[in-house]
Amino acid sequence: MPEGPSIVILRELIEDLHLEGSKLVDVVGTTELDKERMVNQKVIEFKTWGKHFLICFEDFALRIHLMMFGSYRINERKESKPKIGLIFKTAELNFYTCDLKYIEGNLDDTYDWTADIMSEAYNINHTVKSLKEHNNSFVCDVLLDQDVFAGSGNIIKNEVLYRIKVQPLTKIGDLSTAKLKSLTTATQQYAFDFLKWKKENTLKKHWEVYGKKTCPRHHTIIKKNLGKNKRVSFYCPECQKLIELHKK
DNA sequence: AAGGATGTTGCCTG
DNA sequence: TCAGGCAACATCCT
């Protein structure tokens, strides 16, 4: 389910219901969280930060993270009980298998919006700067680091690396500033392509390496668990060579 | 139909 | 001591 663009789709679907300003009539679900706290509270806004979906109230927010297996239903219910169900007078939002948490106070104190690849506040120079604090990290790890690229996930990671022709085990310190800039812009660009394709239901069709056997240039793709997190990487050893070519 | 996967945290161990 | 490994959470598709 998740990766930033999918969470943006969720926010847009919910924004279409125009629930901002309305109060929660009831809150149900199997969560251990204090559900009463939200009853009769007015929702100010729905926001996203990376893979986080945020329901903002006067002085706190509910953070919903769909993790790997999360799902939701809008004005519908699944067979199973929701982890949390938010009942409004005119609508209900049900979330399943998700991680829930209250964020206290101003969200700006918790979230750096300039790191969110889907945000209008996303800032290329700021991201290049934070990349340079990870000179010794592999690019495949950094592309999953939510403090650097909030909202990027394993699909985005693999597709971006193919687009910019960088091998997953390249160290950030071995990339020129210009290449770091391409990495940063390509991640944002791919995220918005992902969003568009996901809406059209054509996302899979556009994958160039993720889940593929051969790349668009017909080379055999390598599938391997790489980096400190050992997440699966798909890459083309021909198109993405591990060389110092990018060093200036 | 078993196995793997768009994710993250926190505990255990050496 | 702390980094790395790995289980846990729980679902759906192939």
Side-chain angles (χ1 to χ4, degrees), chain A residues 1-13 29-33 48-54 62-74 76-85 94-103 110-112 115-118 134 136-163 168-169 171 186-213 221-235:
Chain A
M1 209 62 240
E3 283 208 43
S6 299
I7 307 305
V8 168
I9 289 172
L10 163 63
R11 170 165 51 76
E12 290 178 354
L13 288 171
T30 59
T31 180
E32 309 264 306
L33 221 58
T48 54
W49 179 86
K51 300 164 188 170
H52 297 198
F53 179 59
L54 300 157
L62 175 67
R63 185 207 76 179
I64 301 178
H65 197 309
L66 265 21
M67 307 301 285
M68 192 82 99
F69 310 123
S71 61
Y72 58 85
R73 292 291 185 274
I74 296 171
E76 279 176 30
R77 295 175 187 188
K78 303 213 313 187
E79 296 265 324
S80 57
K81 284 190 174 166
K83 189 68 151 298
I84 199 157
N94 293 303
F95 295 90
Y96 306 83
T97 25
C98 51
D99 185 50
L100 302 169
K101 192 183 166 185
Y102 283 126
I103 309 287
T110 301
Y111 294 109
D112 174 5
D116 178 2
I117 61 174
M118 302 303 293
H134 298 268
N136 205 32
S137 299
F138 295 121
V139 66
C140 63
D141 286 328
V142 171
L143 270 167
L144 295 175
D145 184 337
Q146 300 301 297
D147 292 332
V148 181
F149 292 112
S152 176
N154 211 30
I155 296 171
I156 293 176
K157 173 191 88 179
N158 285 294
E159 292 296 313
V160 165
L161 288 178
Y162 184 75
R163 279 191 174 184
L169 290 183
K171 292 280 180 78
T187 304
Q188 179 188 41
Q189 182 57 54
Y190 186 80
F192 281 91
D193 288 343
F194 183 128
L195 175 66
K196 173 170 159 271
W197 292 331
K198 181 94 182 172
K199 284 177 177 173
E200 297 172 352
N201 235 325
T202 61
L203 180 63
K204 281 183 193 179
K205 197 179 85 185
H206 286 91
W207 287 340
E208 298 190 305
V209 287
Y210 184 80
K212 309 281 287 186
K213 291 258 190 290
I221 280 172
I222 294 177
K223 178 189 182 188
K224 215 169 182 183
N225 296 81
L226 300 178
K228 74 163 191 271
N229 50 40
K230 300 281 194 289
R231 293 293 297 282
V232 65
S233 283
F234 293 89
Y235 67 98

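Since the model is a prediction, treat every value here as computed from it, not as a measurement. Reminder, nothing fancy here: chain letters follow the sequence lines and each chain counts from 1.
Rounded to whole angstrom, the span from the NZ atom of A:K101 across to the P atom of B:dG7 amounts to 19 Å. Nucleotide B:dT9 holds its C1' atom 14 Å from the CZ atom of A:R231, rounded to whole Å. Counting to the nearest Å, the C1' atom of B:dG4 and the CD1 atom of A:I155 are 14 Å from each other. Rounding to whole angstrom units, CE of residue A:M68 and C1' of B:dT8 are separated by 9 Å. Atom CG in A:D99 sits about 8 Å away from atom P in B:dT9, given to the nearest Å. Per the geometry, NZ belonging to A:K157 stands 12 Å off C1' belonging to B:dG7, to the nearest Å. The distance between atom CG of A:N225 and atom C1' of B:dG3, rounded to the nearest whole Å, is 14 Å. Rounded to whole Å, the distance from CG on A:N154 to C1' on B:dG4 is 12 Å.
At least one side-chain heavy atom of A:L13 sits under 4.5 Å from a side-chain heavy atom of A:Y72.
Dense packing is recorded around CD of A:E200, with more than 12 heavy atoms of other residues, nucleotides or ligands lying under 6.0 Å away.
Using a distance-only test at 3.5 Å, with no hydrogens or angles considered, no donor-acceptor pair links the side chain of A:K198 to the main chain of A:I9. When atom types are taken as modelled, the side chain of A:E208 and the backbone of A:R163 share no donor-acceptor pair closer than 3.5 angstrom. No donor-acceptor pair closer than 3.5 Å links the side chain of A:K223 to the backbone N or O of A:F234.
Taking the nucleotide of DNA chain C with the nearest heavy atom to each of A:K230 and A:Y96, the more 5' of the two is matched to A:K230.
Closest non-hydrogen pair, A:T97 versus A:S71, comes out as OG1-N, 4.3 Å.
Helical stems of DNA chain C (runs of at least 3 Watson-Crick or G-U pairs, donor-acceptor distances under 3.5 Å) are listed by first residue: B:2-5 with C:11-14, B:7-14 with C:2-9.
Between A:H206 and A:W197, the ring-plane angle classifies as parallel under the 30° and 60° cut-offs.
For the salt bridge (Lys or Arg N to Asp or Glu O under 4.0 Å) test, no residue two or more places apart in sequence or in another chain qualifies with A:D141. For the side-chain contact (heavy atoms from CB on, under 4.5 Å) test, residues two or more places apart in sequence or in another chain that qualify with A:L169 are A:F138, A:C140, A:Q167, A:L226. In this structure A:K157 satisfies the side chain to side chain donor-acceptor pair (under 3.5 Å) test together with A:N154, A:S233, sequence neighbours excluded.
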With 3.5 Å as the limit, what N/O pairs link the protein to nucleotides 12-14 of chain C?
residue: C:dC12; atom: OP1; partner: A:K78; partner atom: NZ; Å: 2.4

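Listed in residue order, the members of residues 136-149 of chain A having a heavy atom less than 4.0 Å from DNA chain B are A:Q146.
OP1 or OP2 of B:dT8 sits under 4.0 Å from a side-chain N or O of A:H65. For the OP1/OP2 pair of C:dT11 and a distance below 4.0 Å, the side-chain nitrogens and oxygens of A:K83 include no atom meeting the criterion. Put simply, A:K228 has no side-chain N or O that comes within less than 4.0 Å of OP1 or OP2 on C:dG4.
A centroid separation of less than 6.0 Å is found between the aromatic rings of A:Y111 and A:H52.
Under 3.5 Å, the side chains of A:N94 and A:K78 contain no donor-acceptor pair of N or O atoms.
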